[in-house]
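The structure appears right after this line, and notes come after that.
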Amino acid sequence: MTTVVIGAQWGDEGKGKIVDFLASQADDIVRFSGGANAGHTIVHGGTTYKLHLVPSGILYPDTQVLLGVGMVIDVASLFGELEELEQKGVRWRGRVHVSDRAHVVLPGYSEEDRELDTKRRRPIGTTGRGIGVAYARKAARDGLRVCDVVDDLAYRELPESERRYFEPYRDELSRMAIDLSEYMIARRGRRILFEGAQGVLLDLDLGTYPFVSSGTSAAAGAALGGGLGPRGIDRVLGVFKAYSTRVGNGPFPSEFRADRDGGLEEHIRERGAEYGATTGRPRRCGYLDLVALRYACRSNSIDGLVMTKLDVYDDAGRIGVCTGYRYGNQTLKTVPAGVRTLESVEPVIEEMPGWQEPLGDRRSFDELPAAARNYVQMIEDYVETPVDIISVGSDRSETIIRKEPWTQ
Ligand code: GDP
Ligand code: IMO
Ligand code: MG
């Protein structure tokens, strides 16, 4: 069985925690998009792991992890990350595989990325990891792939400066390089988890363009970027937070506003530790946006949702949620394509009572207070998609299962 896990908002939904949780029963974890712009956090046994390129199944010693076709890989960062894992006692050799068709991020790309962004009339606020540059080169058919580094003939044609850069990693990378589709065929029938990066609203095609990343973070990217055809995907899970966050610039209709919401943004940012796992930037925070979440469900065939960070609302007297966008005299229930339109909408905020008790030790839906159950049910009704898993803390164990994840 194959299960895809994607972010259903603007990234940082807790994909790392959820993939790690689901990986206990998986054979292979495939990251299918993005690069070191991602920051996926796993908390287990008192240790925090921040992963950028390595898939979030790495902590299980018998699990194979794969970096897929759709990724753009900074080779030095990858080996730096593996070295850090090794120092924390994680053995990775022989378990980490890299698609030979994945693209490579070269050292100059980060600077180029940052320069390009400052020159934009409206900067995106990229992570500065060279991601947009690598995907642009790929689309322009001017990119460098893993196969070009590990294949002797192609390697000889690289400029000397590039060969010097790759030399320390080349032998190890050659042992890790695989034909991903062939690997997938050989693993047919096993439990395979596809790990997305970023989120639907940062997807190049479905997101709030041009304030997006350059990869395919949508569920469809799991097939192409994970070495399968579309019929190879059995189930799609969308991860979302009990509220919304966004890092960098771009429209965010339900963002907290000091004039309307007082100090709510700072309060949620501190309670939820909303600082970027890659850049350390404070994340912008806002109400849960049900219009955007429903859009994510519909455009990605999401079968089930995973709600994270419900515990961050533990002390809230009332909880607001965005149920529409006011635009002139209309109320929109879908996400408009135009970024100018999205920037000028006013959110319709409805309020619900909070529960004002800690949820961190709850392990079943029935143990949740009625107000928390009502919040979940209200979301399900609006987006017409069930919430199968609820996370009430960052640790692997702080998770409530409503539907067994490995059943269709
Ligand atoms: P990702 O990019 O989607 O993997 O998410 P990040 O790791 O960037 O950000 C999610 C943050 O929330 C991490 O610091 C997680 O440890 C933390 N987290 C995940 N689930 C929960 C939860 O249910 N409650 C709380 N309080 N923190 C959580
Ligand atoms: P994870 O996987 C949140 C945002 C950046 C910027 C835009 C483009 O941890 O959820 P890029 O460097 O990709 O060209 O930046 O996308 N962004 C993310 N925001 N989580 C991420 O990844 C992100 N990856 C990119 O802040 O606004
Ligand atoms: Mg993140």
Side-chain angles (χ1 to χ4, degrees), residues 27-38 51-110 129-131 133-135 137-138 141-188 190 192-195 197 215 224-228:
D27 299 298
D28 303 87
I29 319 297
V30 188
R31 245 294 289 278
F32 61 83
S33 183
N37 50 349
L51 304 174
H52 302 285
L53 287 160
V54 176
S56 300
I58 192 71
L59 300 190
Y60 299 92
D62 298 322
T63 305
Q64 304 296 307
V65 307
L66 300 99
L67 284 78
V69 185
M71 287 188 75
V72 288
I73 302 168
D74 180 322
V75 174
S77 300
L78 173 63
F79 284 102
E81 207 172 309
L82 291 169
E83 172 67 33
E84 260 178 55
L85 284 166
E86 182 113 33
Q87 279 166 13
K88 287 184 172 164
V90 180
R91 293 187 46 226
W92 60 269
R93 282 195 173 73
R95 298 204 290 127
V96 181
H97 313 277
V98 180
S99 162
D100 54 9
R101 287 179 167 83
H103 278 249
V104 164
V105 175
L106 282 169
Y109 290 11
S110 287
R129 295 293 189 273
I131 304 303
V133 176
Y135 280 116
R137 293 260 165 98
K138 172 178 174 175
R141 292 145 298 166
D142 197 18
L144 192 72
R145 298 189 294 169
V146 169
C147 56
D148 303 320
V149 179
V150 301
D151 178 80
D152 284 334
L153 282 178
Y155 188 68
R156 265 185 245 141
E157 287 168 17
L158 295 184
E160 204 208 325
S161 59
E162 287 177 14
R163 274 185 278 138
R164 220 177 312 123
Y165 168 70
F166 285 117
E167 209 47 52
Y169 314 114
R170 194 165 171 249
D171 285 349
E172 196 81 69
L173 192 64
S174 304
R175 284 192 283 277
M176 293 154 79
I178 55 159
D179 178 327
L180 187 57
S181 302
E182 285 300 312
Y183 181 95
M184 284 298 160
I185 297 283
R187 303 290 278 179
R188 222 164 14 197
R190 304 209 178 218
I192 300 174
L193 201 52
F194 291 90
E195 176 181 7
L224 197 55
L228 294 176

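Source: prediction; values computed, not measured.
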Partner residues of Ser77 under the side-chain hydrogen bond (donor to acceptor under 3.5 Å, both in side chains) criterion, sequence neighbours left out: Asp74
Asp152: what forms a side chain to side chain contact (heavy atoms under 4.5 Å, CB included) with it, not counting sequence neighbours? Arg156, Arg170
Sequence neighbours left out, what passes side-chain hydrogen bond (donor to acceptor under 3.5 Å, both in side chains) with Arg95? Give chain and number order. none
Is the CG atom of Leu144 crowded by more than 12 outside heavy atoms at less than 6.0 Å? yes
Contacts satisfying ring-ring contact (aromatic ring centres under 6.0 Å, His included) that involve residues 157-178 (not counting sequence neighbours) are Phe79-Tyr169
Return the set of residues passing side-chain hydrogen bond (donor to acceptor under 3.5 Å, both in side chains) with Glu167 (not counting sequence neighbours), or none when no residue passes. Tyr155
Any salt bridge (charged side-chain N to carboxylate O under 4.0 Å, His left out) pairs touching residues 175-184, not counting sequence neighbours? Arg101-Asp179, Glu172-Arg175
Results of salt bridge (charged side-chain N to carboxylate O under 4.0 Å, His left out) for Arg145 - residues two or more places apart only: none
Closest non-hydrogen contact found for Ala36 with Ile131 is N-CD1, 3.9 Å
Using the test side chain to side chain contact (heavy atoms under 4.5 Å, CB included), find all partners of Arg188 that sit at least two apart in sequence or belong to another chain. Ile185
In Å, rounded to the nearest 0.5 Å, how long is the span from CD of Gln64 to CD1 of Ile58? 9.0 Å
Could I get the full list of side chain to side chain contact (heavy atoms under 4.5 Å, CB included) partners for Asp27, not counting sequence neighbours? Arg187, Arg190, Arg191
With sequence neighbours left out, the residues meeting side chain to side chain contact (heavy atoms under 4.5 Å, CB included) with Ala38 are Arg31, His40, Ala197, Gln198
For residues 80-87, run the donor-acceptor check on the side chains, cut-off 3.5 Å, and write out each pair with its distance to 0.1 Å, sequence neighbours left out.
from  : atom 1 : to    : atom 2 : distance (Å)
Glu81 : OE1    : His52 : N      : 3.3
Glu81 : OE1    : Leu53 : N      : 3.0
Glu81 : OE2    : His52 : N      : 2.9
Glu81 : OE2    : Leu53 : N      : 3.2
Glu81 : OE2    : Val54 : N      : 3.0
Glu83 : OE2    : Gln87 : NE2    : 3.2
Glu86 : OE1    : Trp92 : NE1    : 2.9
Glu86 : OE1    : Arg93 : NH1    : 3.3

How long is the gap from OG on Ser99 to CD1 on Ile73, to the nearest 0.5 Å? 7.5 Å
